Engineer: 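Pasting a structure here, questions to come.
Counting starts at 1 for both ligands and their atoms, in listed order. All values reported here derive from a predicted model rather than from experimental measurement.
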Amino acid sequence: MEKYDLMSDKAEGFINAGEIALTLSTALKYGNDAAVVRQILAKAREKKGLSHAEAAVLLLNEDEEVWHEIATLAEEVKNAYYGNRVVLFAPLYLSNYCVNGCTYCPYHAQNKHIFRKKMTQEEIKAEVIALQDMGHKRLALEAGEHPVYNPLEYILESIDTIYGIKHKSGAIRRVNVNIAATTVEDYRRLHAAKIGTYILFQETYNKEDYEKLHPRGPKSDYKWHTEAMDRAMQAGIEDVGLGVLFGLHNYASEFVGLLMHAEHLEAVYGAGPHTVSVPRLCPADDIDTADFANALPDKVFLKIIALLRLAIPYTGMIISTREGQRIREQALKLGISQISGGSRTSVGGYAAESEPEKDSAQFEISDRRSLDEVVRWLMELGCVPSFCTSCYGNGRVGEDFMSLCKKQLIHRYCTPNALLTLKEYLDNYATPETAAVGESLLAREMALLPEVTRRFLQKRISLLKENKVVFF
Ligand code: SF4
Ligand code: SF4
């Protein structure tokens, strides 16, 4: 059996089952020990992160007062690192053909009744134009794993198509990619295609359950899947996005596994995950959540979000429309920094109103509001909706990004860029009602900026009329 080794190049070394078990038994022992918990909270207050062992102790603590302290602290940490901006994005499903057998996903190869579709480049163009007309600038590409229908060449061609579409005043400025684990050589090709973040959810870090949940197809190889981020980083991709599908396995051990993965990437490559997503199992075609015994209650889910914020304060945290408005609102306060808005989880769901969306969707959407409604809602909560993609264009990625972020300096870029891109959104895409809310938010937020930043921002806002977006 592999020993735990943070620096190991083997999945079972850096995600070590023995270490997870030891962490959880220690956390159980000290979870309600007031002195230990106080010490860990004091460390969290320094806003420099927590180890997986420390975070696990807080996770297993049952004191309501401690929970309130964690929640307050998580909000403070988020504000210290990112300010009040919330980045918006949309998923774009290219194809739902898949050879894998994931038992929790309706795209699994054995599902014979789901509507299958792979978009042509012309259809992708129509989708992207529909997304641009909503105001989106940042996409997350999604595709099933299929060597014949969705080879890497198809993904690369699609990325090229997307970056190439300039429609009215719109353009997609960052394409994040969520596709199956692949080789170093293929990751190099993705990097050369100028992808933003490479996202790959681990689903579960428990090897035994992983193998049961993935009975067939290339994804059934736990080692290949778990070591994918190492290959991606070795290929030069500096921003990677982790995530587990909460509900597949015991949440406490998934939480520890996720933090161990982040610690491993940071130790070996000098940069932890750029983002962490927190999807929760939800109903879909052919998938009944009652078949899964580890469903995560809201309260624990929110605690996990808050503790991730304390443990890896520099990491962007993403919540999708799997969650409804109520949970998204609470999660935003606890540390979420990116959300999707106006999403469709079917192939071709944005452009073709008549498309049988539900029949090809990967999961049921809980938040069905339009992007305009989401933008207005965020502003009414006191957040600044942001369409910023500046770091990517200005080379602030990987270690460079992390070093700024860890010094709590990134919000100096985030805040003016959020206001700049919000103004761009309000002028080009917002309904009059949203524009009115936005203009008064802009005035309030600009008044809070240092004089010199405000002057630079005003100058850059004036350039928007010439369709020039000059980021900070
Ligand atoms: Fe295919 Fe991904 Fe769904 Fe698994 S989760 S069946 S790999 S699309
Ligand atoms: Fe994200 Fe960088 Fe823009 Fe901040 S400045 S919102 S970190 S791209």
Engineer: Name the one of K219, H214, E145 that satisfies side chain to side chain donor-acceptor pair (under 3.5 Å) with N100?
Structural biologist: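 It is E145, the one option of K219, H214, E145 that forms the side chain to side chain donor-acceptor pair (under 3.5 Å) with N100.
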
Engineer: Do the side chains of Q202 and E254 get nearer than 4.5 Å, heavy atoms only?
Structural biologist: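 No, too far: nothing below the 4.5 Å cut-off.
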
Engineer: Give a yes or no answer on whether the side chain of R309 reaches the backbone of T315 with a donor-acceptor pair at less than 3.5 Å.
Structural biologist: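 Flag set: sc R309 to bb T315 pair under 3.5 Å.
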
Engineer: Any side-chain donor-acceptor pair under 3.5 Å between D209 and T204?
Structural biologist: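 No, because no side-chain N or O of D209 sits under 3.5 Å from a partner of the opposite role on T204.
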
Engineer: Please name the residue in the list K468, K168, R173 that meets the salt bridge (charged side-chain N to carboxylate O under 4.0 Å, His left out) test with E424.
Structural biologist: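 Per the salt bridge (charged side-chain N to carboxylate O under 4.0 Å, His left out) rule, the option paired with E424 is R173, out of K468, K168, R173.
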
Engineer: Tell me whether K194 at atom NZ has more than 12 heavy atoms from other residues, nucleotides or ligands lying less than 6.0 Å away.
Structural biologist: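 It does not: K194 NZ has 12 such atoms or fewer within range.
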
Engineer: With sequence neighbours excluded, what pairs up with K48 under the side-chain contact (heavy atoms from CB on, under 4.5 Å) test?
Structural biologist: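 Result, side-chain contact (heavy atoms from CB on, under 4.5 Å) vs K48: E46.
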
Engineer: If you draw a sphere of radius 2.8 Å around atom 1 (Fe) of ligand 1, how many protein N/O/S atoms end up strictly inside it?
Structural biologist: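 Considering protein N, O and S only, atom 1 (Fe) of ligand 1 has 1 within range.
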
Engineer: Under 3.5 Å, side-chain donor or acceptor atoms of residues 262-271 against the rest of the protein: list the pairs with distances, not counting sequence neighbours.
Structural biologist:
residue, atom, partner, partner atom, Å
E263, OE1, H52, ND1, 2.7
E263, OE2, H52, N, 2.8
E263, OE2, H52, ND1, 3.3
H264, ND1, L6, O, 2.6
H264, NE2, D230, OD1, 3.3
H264, NE2, D230, OD2, 2.7
E266, OE1, Y314, OH, 2.7
E266, OE2, K406, NZ, 2.1
Y269, OH, D230, OD2, 2.9
Y269, OH, Q234, NE2, 3.1

Engineer: Heavy atoms under 4.0 Å from ligand 2: which residues qualify?
Structural biologist: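 Residues within 4.0 Å of ligand 2: R85, V87, R138, C388, T389, S390, C391, R396, F401, I410, Y413, C414, N417.
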
Engineer: Decide ring pair (Phe, Tyr, Trp, His ring centres under 6.0 Å) for H136 and F89; before the verdict, give the C-alpha distance in whole Å, the side-chain angles of both, and the deciding distance to 0.1 Å.
Structural biologist: CA-CA 6 Å; H136 276 297; F89 75 97; 7.9 Å; no

